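Everything quoted here is computed from the prediction, not taken from an experiment. Computation of the quantities below employed the complete heavy-atom set of this structure, encompassing side-chain atoms and omitting hydrogens, waters and symmetry-equivalent molecules.
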2 protein chains.
Amino acid sequence: MTSLPSLNALRAFDAVARLGSVTAAAEALHVTHGAVSRQLRTLEAHFGTPLFDKSGRGLVLTAHGRLLQPSIREAFSRLGEGCAALARELESQPFTLACPGSLLARWLIPRLDRLNADLPALRLRVVSSEGELDPRREDIDATLRFAAPPWPADIAVFPLQAERIVAVATPAVWAHTPHATADAMLGAATLLDTASRPQAWPQWAAAMGVEPATLAAARQRGRTFEHLYYLLEAALAGLGVAIAPELLVANDLTQGRLVAPWPALETNAALGLWLAPGRERRRGEHLAAWLVRELAAG
Amino acid sequence: MTSLPSLNALRAFDAVARLGSVTAAAEALHVTHGAVSRQLRTLEAHFGTPLFDKSGRGLVLTAHGRLLQPSIREAFSRLGEGCAALARELESQPFTLACPGSLLARWLIPRLDRLNADLPALRLRVVSSEGELDPRREDIDATLRFAAPPWPADIAVFPLQAERIVAVATPAVWAHTPHATADAMLGAATLLDTASRPQAWPQWAAAMGVEPATLAAARQRGRTFEHLYYLLEAALAGLGVAIAPELLVANDLTQGRLVAPWPALETNAALGLWLAPGRERRRGEHLAAWLVRELAAG
DNA sequence: CTGATCTGTGAGAAAATCTCACGCAATGGC
DNA sequence: GCCATTGCGTGAGATTTTCTCACAGATCAG
């Protein structure tokens, strides 16, 4: 069995034979003409016979080259078809994005129409994953979530935006809660907290220079919800002062349904798009790019 | 247009799909299993989907892998066919060896039957090239010749044996030519020389410690022939003392038709097989290997 | 269990490939 | 005709890909 020549050399041969010029082939292959010229030389050395003759400015196949060309053309065309078919099959499958319910409801859903209009080829399917968000799951292609580094090493994370947390409540709550200082507020308010983000209030309190003891006492009087989503509903219902990612309450703040007396506080966590290893990178990158644009637009 | 994945990765995929095992594929491709494993990984990363599942000790194609496999198989089979067809075409052409007439007549022709019997696939054609021996000529695949380095940079030279020159004459000539020493011989003999190797006698004389003047006088009395072939015929006819490559007179020495009073002298030249650039290397190498064996056998 | 036989992977070596910069040849507008 | 333009070939060195080696974890037969 005679061994095949370098496959890249064959590809160069195919391109040159097809386009009739080293320069044109080089452009098609996204390399310099020198690289293609070398590949041809390699191939001719392999077979021990010239495959092209110079003809004026261009090249023409020799008799031996003409003998080789049809098979090579056919083979590469077949390779291209096969790969394209698989790519098409993959693209035709919906791309499943998992996302915590709160983020889904308060940020993504309002933008979903636009997203589908901008990226129809994505065929996006969104699932609000209760609990398990691991993008390694079979039925999830990517996850949109807040998390602090370090991120799992085997997952490709596209960081989108640093998390900014903000203390919010309804105007009515603030009306009967002193909030000249963080200390004063924590001494009087009903704190709303979520089990999934136990660090949120301590981070905020530390940044505001409040004694841990003061915070501990305040949390004693507060209420804890299982999910961020319920926490936000509780805040909107005027049950107390909540701490939440700014992104999720931005609309309520603009509309005046919620008020934030203090500026938002950047945490070490970040909103990111997590891509499972060995999954369609392409569509994930498209989605990440769209998210970046959307977040930049406000 | 979606770009093709690495062609080598596709080849690895083909081999693994065909043989059902990384290890077997690695063996078929003459690489380690680690290399193949990595290629598969590359390919799966390219498509963003697993192409194989582990199944016990081996691997089986996933649904996506099964989608890809037939095209890839077909494409590589087509590549192999095309390349094999060209290789067959090339091998079916005779391989033309050029060679100086003297070497042809006195060394190669006596061995030609054996050569053709040992290497029938070579389809050897021998031409005695008068004058031009350049293996770059269209109609010459290789040249067998003596020459001193440096050899042309663009020609692949397989050195076979150092040239050894020897002073010879018929027994009758020696009978009436004093030859106790080189000096004595040069003082009395009729020197036979060839225009194509003007360095031969000077090299010999210098090695024997003879004064240049003595040699110059001897050459004055001698005769010069255009080709080595005529020189040897002249020596055999008893016209004088010739200097020639040992290889060409070895048979005459054994048979006693010629006698060499002094041992042969190694020169800086060598018998070599010269291969034109960009010509069938394979058959040239086979021929070179045969020549090496033949020369070693004496 | 235990040894044999797989595949997967990190680290570093080896090989293939590419780029850059230049030389030379052919062409075609002027 | 002449020269600017276009295209191919190549040496040197950088870069990227690919490979090997050595080891780890998994599976299976006996």
**Study point:** Protein-nucleotide distance (Leu10(A), atom CG; dA16(C), atom C1'), rounded to Å
**Key:** 15 Å
**Study point:** Interatomic distance, Asp53(B) CG vs dT7(C) P [rounded to whole Å]
**Key:** 14 Å
Check your understanding: If we require ring centres under 5.5 Å and near-parallel planes under 30°, does His33(B) stack on dT7(C)?
Key -> yes
Check your understanding: Is the closest basic N to carboxylate O distance between Glu91(A) and Arg88(A) below 4.0 Å?
Key -> no
Check your understanding: Of the nucleotides dG8(C), dT20(D), dC8(D), which has the atom closest to the Ser21(A) side chain?
Key -> dC8(D)
Check your understanding: Would you say dA16(C) has OP1 or OP2 under 4.0 Å from some side-chain N or O of Thr42(A)?
Key -> no
Practice item. Whole angstrom is fine here: how far is it from CZ in Arg38(A) over to P in dG11(D)? Key: 7 Å
Point to revise | OP1 or OP2 of dT9(C) under 4.0 Å from side-chain N/O of Ser37(B) | key: no
Revision key, fill the gap. Whole-Å distance, Leu51(A) CG to dG9(D) P, equals 12 Å
**Study point:** Glu44(B) side chain to Leu51(B) backbone, donor-acceptor under 3.5 Å
**Key:** yes
Review point. Of all the choices, dT7(C), dA11(C), dC21(D), which nucleotide is nearest to the side chain of Thr32(B) once you look at every atom?
Key: dC21(D)
Check your understanding: Are Arg41(A) and dG9(D) close enough that a side-chain N or O sits under 4.0 Å from OP1 or OP2?
Key -> yes
Review point. Counting heavy atoms not belonging to Glu27(A), are there more than 12 under 6.0 Å from its CD?
Key: no
Study note, to complete from the structure: Walking DNA chain C from its 5' end, the first of Ser55(A) and Gly34(A) to be reached, judged by nearest nucleotide, is Gly34(A)
Exercise for review: Check whether any side-chain N or O of Ser6(B) sits under 4.0 Å from OP1 or OP2 of dT17(D), and answer yes or no.
Suggested key: no
Point to revise | Any Gln39(B) side-chain N or O less than 4.0 Å from OP1/OP2 of dC19(D) | key: yes
Review point. Which sits closer to the 5' end of DNA chain C, Val31(A) or Lys54(A), going by the nucleotide each is nearest to?
Key: Val31(A)
Revision key, fill the gap. Atom CD of Glu27(B) and atom P of dC19(D) are separated, to the nearest Å, by 16 Å
Check your understanding: Donor-acceptor pair, Thr62(A) side chain versus Pro50(A) backbone, under 3.5 Å?
Key -> yes
Point to revise | Along DNA chain D (nearest heavy atom to each residue), the more 5'-positioned of Asn8(A) and Ala24(A) | key: Ala24(A)
Study note, to complete from the structure: Arg11(B) atom CZ is separated from dA16(C) atom P, nearest whole Å, by 12 Å
Practice item. Just compare dC19(D), dC6(C), dG9(D) and give me whichever is closest to any side-chain atom of Thr23(B). Key: dC6(C)
Point to revise | Length of the line joining Glu44(B):CD and dG8(C):C1', which is rounded to integer Å | key: 12 Å
Exercise for review: Whole angstrom is fine here: how far is it from CG in Leu29(B) over to P in dT17(D)?
Suggested key: 20 Å
Point to revise | Sidechain-backbone polar pair: Ser55(A) side chain, Gly58(A) backbone, donor-acceptor under 3.5 Å | key: no
